[in-house]
Amino acid sequence: METISENRAFGGTQGVYTHASAETGTEMQFSLFMPDHEPGATLPVLWYLSGLTCTHANVTEKGEFRSACAEHGIAFVAPDTSPRGDDVPDDEGYDFGQGAGFYVDATEKPWAKHFRMRSYIEEELPALITAKFPMLDMARQSITGHSMGGHGALTIALRNPGRFRSVSAFAPIVSPLNCPWGEKALAGYLGPDRAAWRPYDACALIEDGARVPEILVDQGEADQFLEEQLKPELLEQACAGGGIALTLNRQPGYDHSYYFISTFMADHIGWHAKRLA
């Protein structure tokens with residue numbers, strides 16, 4: 001692992017790092033904010049998964065999370081959204097290919113070789129971070145994300161019961177089986193068999209028996225993708241049927257941008273902090 005940059009911020013260190021990934025077969029970057037702490041102390045970890053077209057840099061530069069993370073003593077990890085590089089296949093659309101990994105392990109050519117973001121996020125990157133940053137307490141993890149990353153956070157938490165103390169999302173894609181973004185991505189990465197898509201759909205996972213105790217979601221009511229792509233009412237129905245406590249905050253006037261995310265970021269971090277204590 002190599003250090004790209006480290007900067008002091010809010011009584012902590014904001015780092016950006018790169019490493020060779022065995023899962024994706026590429027160099028991968030991630031950012032990590034580490035609050036100052038006493039020698040020998042350990043810190044809980046909040047994972048943040050980004051949305052379509054984003055890298056680690058979007059939330060790192062615009063997410064306004066560092067003050068709240070420093071206050072609560074929480075490390076904040078932001079991975080990239082897909083493998084990248086000249087040898088990595090891509091698509092001319094913004095919603096598929098590089099920048100749009102959808103946190104799946106692809107099975108279709110030519111994507112299967114590099115697009116293994118599920119295994120990268122669930123297995124490889126946590127192991128790397130545990131080895132390189134022993135002050136991080138992987139027994140105290142939570143996860144959140146935005147849009148495609150909200151889809152990633154919800155599905156990863158549901159597929160790994162007990163790993164995360166809490167899960168939240170900002171304007172998540174709650175059911176890729178039922179929206180154009182998801183149908184394009186899952187068909188392209190996984191093939192036409194919709195049964196193979198269900199492990200990557202939060203509502204389908206809940207219908208199939210996956211459970212977490214509770215979920216926090218913030219959704220802007222002026223979000224341009226609300227009706228066609230996001231459909232939070234489907235998550236409401238699934239959680240009601242599955243007995244999952246869902247807090248869905250519909251925020252008037254807010255759109256899909258980082259103006260929205262940064263406004264409610266501290267609320268989410270504080271909510272996770274209570275469950276990470």
Side-chain angles (χ1 to χ4, degrees), residues 21-26 28-31 45-56 58-59 77-84 88-91 93-108 111-129 141-161 163-164 167-191 194 196-206 210 212 215 217 225 229-230 235 261:
S21 168
E23 289 291 348
T24 69
T26 66
M28 296 293 291
Q29 293 186 12
F30 67 94
S31 74
V45 179
L46 178 59
W47 294 85
Y48 177 91
L49 304 184
S50 294
L52 287 167
T53 76
C54 292
T55 70
H56 68 280
N58 297 75
V59 69
V77 181
D80 201 349
T81 54
S82 79
R84 301 177 190 272
V88 177
D90 201 4
D91 184 83
Y94 75 94
D95 53 357
F96 192 67
Q98 295 189 36
F102 260 82
Y103 305 100
V104 307
D105 280 354
T107 57
E108 297 295 295
W111 314 101
K113 180 178 179 181
H114 297 291
F115 281 74
R116 296 186 52 79
M117 291 302 295
R118 172 180 178 173
S119 292
Y120 176 72
I121 297 295
E122 291 187 1
E123 305 298 337
E124 184 179 18
L125 187 56
L128 174 73
I129 288 176
Q141 298 182 75
S142 292
I143 191 166
T144 187
H146 170 235
S147 192
M148 179 185 74
H151 139 77
L154 293 173
T155 55
I156 289 171
L158 286 162
R159 286 196 307 264
N160 294 273
R163 177 183 290 192
F164 300 97
V167 55
S168 74
F170 301 89
I173 304 170
V174 304
S175 185
L177 276 78
N178 293 291
C179 73
W181 279 341
E183 290 176 346
K184 177 179 179 179
L186 298 185
Y189 294 133
L190 303 174
R194 293 176 69 91
W197 303 4
R198 294 184 71 83
Y200 299 105
D201 183 297
C203 295
L205 282 165
I206 294 169
V212 293
I215 298 171
V217 171
F225 305 113
Q229 305 283 9
L230 306 179
L235 184 62
I261 299 166

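Since the structure is predicted, the reported quantities are computational estimates derived from the model, not experimental observations.
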Practice problem: Rounded to the nearest 0.5 Å, what's the gap from CG on Asn160 to CD1 on Ile143? Could you check? | Solution: 8.5 Å
Practice problem: Test side chain to side chain contact (heavy atoms under 4.5 Å, CB included) on Val77 and Ile129 and set out the steps. | Solution: CA-CA 9 Å; Val77 181; Ile129 288 176; 3.7 Å; yes
Quiz item: Is Gln141 reaching over with its side chain to a backbone N or O of Val45, donor-acceptor style, under 3.5 angstrom?
Solution: no
Practice problem: Please list, chain by chain and in numerical order, all residues satisfying side-chain contact (heavy atoms from CB on, under 4.5 Å) with Arg194, sequence neighbours excluded. | Solution: Leu177, Glu183, Trp197
Quiz item: With distance as the sole test, does Ser147 use its side chain to make a donor-acceptor pair with the main-chain N or O of Gly51 at under 3.5 Å?
Solution: no
Exercise. Give, for atom CG of Leu190 and atom OG1 of Thr107, the distance between the pair rounded to the nearest 0.5 Å.
Key: 5.0 Å
Quiz item: Under 30°, 30 to 60°, or over 60°: which ring-plane class applies to Tyr103 and His151, parallel, tilted or perpendicular?
Solution: tilted
Exercise. Work out which heavy atom in His146 is nearest to a heavy atom in Ala171; give both atom names and the distance.
Key: CD2-CB, 4.3 Å
Practice problem: Check the pair Ile156 / Phe164 against side chain to side chain contact (heavy atoms under 4.5 Å, CB included), numbers first and verdict last. | Solution: CA-CA 9 Å; Ile156 289 171; Phe164 300 97; 3.7 Å; yes
Exercise. Using modelled atom types only, decide if a donor and an acceptor are shared between the side chain of Asn178 and the backbone of Ser175 within a distance under 3.5 Å.
Key: no
Quiz item: Any idea which heavy atoms bring Thr155 and Pro199 closest together, and the distance?
Solution: CB-O, 4.2 Å
Exercise. Please tell me if the side chains of Leu230 and Val174 come closer than 4.5 Å, counting only heavy atoms from C-beta onward.
Key: no
Self-check item: Ser50 side chain to Gly149 backbone, donor-acceptor under 3.5 Å
Solution: no
Exercise. Indicate the atoms forming the closest heavy-atom contact of Ala153 with Gly145, along with that distance.
Key: CB-N, 4.0 Å
Quiz item: Going from CG on Leu235 to CD1 on Ile215, what distance comes out if it is rounded to the nearest 0.5 angstrom?
Solution: 5.0 Å
Quiz item: Got a donor-acceptor contact below 3.5 angstrom from the Tyr48 side chain to the Pro79 backbone?
Solution: no
Quiz item: Are any non-hydrogen side-chain atoms of Phe30 and Leu128 less than 4.5 angstrom apart?
Solution: yes
Quiz item: Within a strict 4.5 Å, meaning less than it, do heavy atoms of the Thr144 and Val167 side chains meet?
Solution: no
Quiz item: When the ring planes of Trp111 and Phe96 are compared, do they come out parallel, tilted or perpendicular, using 30° and 60° as the limits?
Solution: perpendicular
Practice problem: Indicate the atoms forming the closest heavy-atom contact of Ser82 with Gly99, along with that distance. | Solution: OG-N, 2.6 Å
Quiz prompt | Heavy-atom check, side chain of Thr81 versus side chain of Leu52, under 4.5 Å | solution = no
Quiz item: Under a 4.5 Å cut-off applied to non-hydrogen side-chain atoms, are Val104 and Arg116 in contact?
Solution: no
Quiz item: Excluding sequence neighbours, so at least two apart, what forms side-chain contact (heavy atoms from CB on, under 4.5 Å) with Ala204?
Solution: Arg198, Asp201
Quiz item: Taking the side chain as C-beta and beyond, is there a heavy-atom pair between Val217 and Pro172 under 4.5 Å?
Solution: yes
Quiz item: Pro161: what forms a side-chain contact (heavy atoms from CB on, under 4.5 Å) with it, not counting sequence neighbours?
Solution: none
Quiz item: Any side-chain heavy atom of Pro89 sitting closer than 4.5 Å to one from Phe115?
Solution: yes
Exercise. Taking atom NZ of Lys113 as the centre, report whether more than 12 heavy atoms of other residues, nucleotides or ligands fall under 6.0 Å from it.
Key: no
Practice problem: Give a yes-or-no answer on whether the side chains of Asp105 and Ser119 include a donor-acceptor pair shorter than 3.5 Å. | Solution: yes
Practice problem: Check whether the ring centres of Tyr200 and Phe102 lie less than 6.0 Å apart, and answer yes or no. | Solution: no
Practice problem: Salt-bridge test for Arg159 and Glu122: reply yes if a basic N is under 4.0 Å from a carboxylate O, no otherwise. | Solution: yes
Quiz item: About how many Å separate SG of Cys54 and CG of Leu49, when rounded to the nearest 0.5 Å?
Solution: 11.5 Å
Quiz item: What is the distance from atom CD1 of Ile173 to atom CE of Met148, rounded to the nearest 0.5 Å?
Solution: 7.5 Å
Quiz item: Which is it for Gln29 and Thr55 under the side chain to side chain contact (heavy atoms under 4.5 Å, CB included) test, yes or no, and what are the steps along the way?
Solution: CA-CA 8 Å; Gln29 293 186 12; Thr55 70; over 6 Å; no
Self-check item: Pairwise side-chain contact, Trp47 with Ser142, heavy-atom cut-off 4.5 Å (strictly under)
Solution: no
Quiz item: Atom CZ of Arg84 and atom CD of Gln98: how far apart are they, to the nearest 0.5 Å?
Solution: 6.5 Å
Quiz item: Is a side-chain N or O of Glu124 found less than 3.5 angstrom from the main chain of Ala22, in a donor-acceptor match?
Solution: yes
